[in-house]
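Owing to the predicted nature of the structure, the values given are computational and were not obtained by experimental measurement. Only heavy atoms go into these numbers, but all of them, side chains included; no hydrogens, no water, no symmetry mates.
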Amino acid sequence: QVQLVESGGGLVQAGASLRLSCAASARAFSNVVLAWFRRAGGKEREFVAAISWRSGTAYYADSAKGRFTISRDNAKNTVYLQMNSLKPEDTAVYYCAGRDGLVPRTTPAEYDYWGQGTQVTASS
């Protein structure tokens with residue numbers, strides 16, 4: 001069982017940056033994938049980015065490429081999502097998710113662990 005706690009959301013102007021953090025409960029793990037999803041009002045949860053904990057290989061949705069960076073800190077059991085040049089359409093609740101294994105997936109149903117979410121609002 002992995003527990004995930006997000007932080008770092010907030011209200012910013014369009015064009016600004018935010019860094020989200022996801023702290024994973026202390027457990028020896030190497031074969032997991034941690035990801036960020038988001039859900040805007042009335043829409044389905046959508047994949048943003050994922051990282052393989054063992055290799056550090058990152059994967060991005062097209063909407064995140066070039067603006068968002070996912071990274072991990074092994075010592076802190078924490079994954080980050082650096083978001084630059086935020087747009088109003090990035091406004092959503094952002095969720096951290098985890099799944100056992102080495103291969104990232106982009107559908108929410110394939111993730112077993114979820115955080116409570118953190119609100120990100122980019123105003124125009």
Side-chain angles (χ1 to χ4, degrees):
Q1 186 75 16
V2 177
Q3 293 182 324
L4 305 172
V5 179
E6 303 100 332
S7 61
L11 170 64
V12 297
Q13 296 275 6
S17 299
L18 276 176
R19 188 178 78 159
L20 306 182
S21 300
C22 173
S25 59
R27 162 176 100 94
F29 60 79
S30 61
N31 295 336
V32 296
V33 170
L34 293 181
W36 290 95
F37 286 79
R38 66 186 183 186
R39 179 163 59 193
K43 296 184 178 180
E44 297 291 321
R45 200 170 296 195
E46 68 170 347
F47 172 76
V48 177
I51 189 165
S52 173
W53 194 265
R54 171 179 282 189
S55 67
T57 304
Y59 306 83
Y60 296 94
D62 287 342
S63 59
K65 289 178 182 176
R67 296 189 300 127
F68 294 1
T69 303
I70 190 170
S71 61
R72 76 196 191 306
D73 184 327
N74 291 30
K76 296 182 178 179
N77 275 8
T78 298
V79 65
Y80 303 98
L81 184 68
Q82 177 68 42
M83 304 185 294
N84 298 327
S85 303
L86 282 163
K87 304 175 182 179
E89 51 264 43
D90 295 317
T91 295
V93 177
Y94 283 71
Y95 297 90
C96 182
R99 67 184 303 272
D100 295 317
L102 299 175
V103 181
R105 303 294 187 189
T106 61
T107 56
E110 296 183 278
Y111 285 79
D112 304 304
Y113 316 112
W114 290 89
Q116 81 287 354
T118 185
Q119 176 71 46
V120 171
T121 303
S123 64
S124 58

Nearest non-hydrogen partners of Ala14 and Ser124, listed with the distance:
CB-CA, 4.3 Å
Do side-chain atoms of Glu6 reach the backbone of Gln116 as a donor and acceptor pair under 3.5 angstrom?
yes
In terms of hydrophobic clustering (I, L, V, M, F, W, Y; side-chain heavy atoms under 4.5 Å; direct or indirect links), are Phe47 and Leu81 co-clustered?
no
Does a side-chain heavy-atom distance below 4.5 Å link Asp90 with Met83?
no
Grouping I, L, V, M, F, W and Y whenever their side-chain heavy atoms are under 4.5 Å apart, do Tyr60 and Leu86 come out in a common cluster?
yes
Verify the cluster assignment for Phe68 and Val12: are they in a single hydrophobic cluster under the rule of side-chain heavy atoms below 4.5 Å apart?
yes
In terms of heavy-atom contacts, does CD of Glu89 have more than 12 from other residues, nucleotides or ligands at under 6.0 Å?
yes
Tyr80 and Tyr59: same hydrophobic cluster, using ILVMFWY side-chain contacts below 4.5 Å?
no
Evaluate Trp36 against Cys96 for side chain to side chain contact (heavy atoms under 4.5 Å, CB included), listing each step before the verdict.
CA-CA 5 Å; Trp36 290 95; Cys96 182; 4.1 Å; yes
Where do Tyr95 and Leu4 land on the side chain to side chain contact (heavy atoms under 4.5 Å, CB included) test, with the steps shown first?
CA-CA 9 Å; Tyr95 297 90; Leu4 305 172; over 6 Å; no
Donor-acceptor pair, distance only, cut-off 3.5 Å: does the side chain of Thr91 make one with the backbone of Ala122?
yes
Drop me the distance from Arg39's CZ to Glu46's CD, to the nearest 0.5 angstrom.
11.5 Å
Nearest 0.5 Å please: distance from the CG atom of Asp112 over to the CZ atom of Arg99.
7.0 Å
Hey, could you give me the CG/OG distance between Leu34 and Ser52, rounded to the nearest 0.5 Å?
9.5 Å
Distance check, rounded to the nearest 0.5 Å: Thr78 atom OG1 versus Leu20 atom CG?
12.5 Å
Considering all heavy atoms, the nearest Val93-Gly117 contact:
CG1-CA, 3.9 Å
Cationic N near anionic O, under 4.0 Å, Lys65 to Asp62
yes
Distance-only, no hydrogens or angles: does the Tyr111 side chain make a donor-acceptor pair with backbone N or O of Arg105 under 3.5 Å?
yes
For the side chain of Gln82 and the backbone of Thr69, is there at least one donor-acceptor N/O pair under 3.5 Å apart?
no
Membership question, hydrophobic clusters at under 4.5 Å side-chain separation (ILVMFWY): are Trp53 and Phe37 in the same one?
no
Within this structure, what is the CD1-OG1 distance for the pair Ile70 and Thr57, rounded to the nearest 0.5 Å?
11.5 Å
Would you say that Ser63 contacts Arg38 through its side chain, given a criterion of any heavy-atom pair below 4.5 Å between the two side chains?
yes
Can you give me the closest heavy-atom contact between Val33 and Ala50, atom names plus distance?
CG1-CB, 4.1 Å
